[in-house]
Amino acid sequence: MDICSVNLQTRLQEIQNKNTKTQQVNESENDFDGFYKNALKMWNKTNEFQKEAEHMALEFAAGRFDNFHALTIAQAKANVSLEYTVQVRNQILDAYREIM
């Protein structure tokens, strides 16, 4: 084994250590970013549940939809999703107020 291969191995280990540290920093920065993106997805999904429940209720009232159980389930999903979204929003606002 010559000196060049030893220096190369040492240099590779240093690079790998730096990459690991960089990944850890990026992951901690992406935690909030990921949380924020998931919150937006959750809001969109809540909106979809609300629209679906409203559409099913209108169809049921018009007599074009006769599955009352599916309507009740859709309304319950929309309600739970909305409550969850409001609670997440409240937690975000509380965290913001605490930071400020």
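Residue numbers run from 1 in the order of the sequence given.
Within the structure, the salt bridge (Lys or Arg N to Asp or Glu O under 4.0 Å) test picks out the following pairs touching residues 79-98 (sequence neighbours left out): Asp94-Arg97. Annotation: salt bridge (Lys or Arg N to Asp or Glu O under 4.0 Å) contacts involving residues 43-57, sequence neighbours excluded, comprise Lys45-Glu48. Each salt bridge (Lys or Arg N to Asp or Glu O under 4.0 Å) pair with one or both residues in residues 61-81, not counting sequence neighbours, appears once here: Glu59-Arg64.
Side-chain contacts under 4.5 Å among hydrophobic residues (ILVMFWY), followed directly or transitively, place Ile73 with no other residue at all. Here Leu71 sits in one hydrophobic cluster together with Met56, Phe60, Phe65, Phe68; the rule is ILVMFWY side chains under 4.5 Å apart, joined directly or through other members. Under a 4.5 Å side-chain heavy-atom criterion applied to ILVMFWY residues, the cluster that includes Leu93 comprises that residue alone.
One distance of note links OG1 of Thr72 with CG of Asn79; it measures 12.0 Å at 0.5 Å rounding.
Applying the side-chain contact (heavy atoms from CB on, under 4.5 Å) rule to Ser81 yields the partners Thr46, Phe49, Thr85; only residues at least two apart in sequence or on another chain are considered. Taking Asn44 as the reference, nothing meets the side-chain contact (heavy atoms from CB on, under 4.5 Å) condition, with sequence neighbours excluded.
Counting all heavy atoms, side chain and backbone alike, Ala53 lies closest to Ala78 at CB-CB, 4.0 Å.
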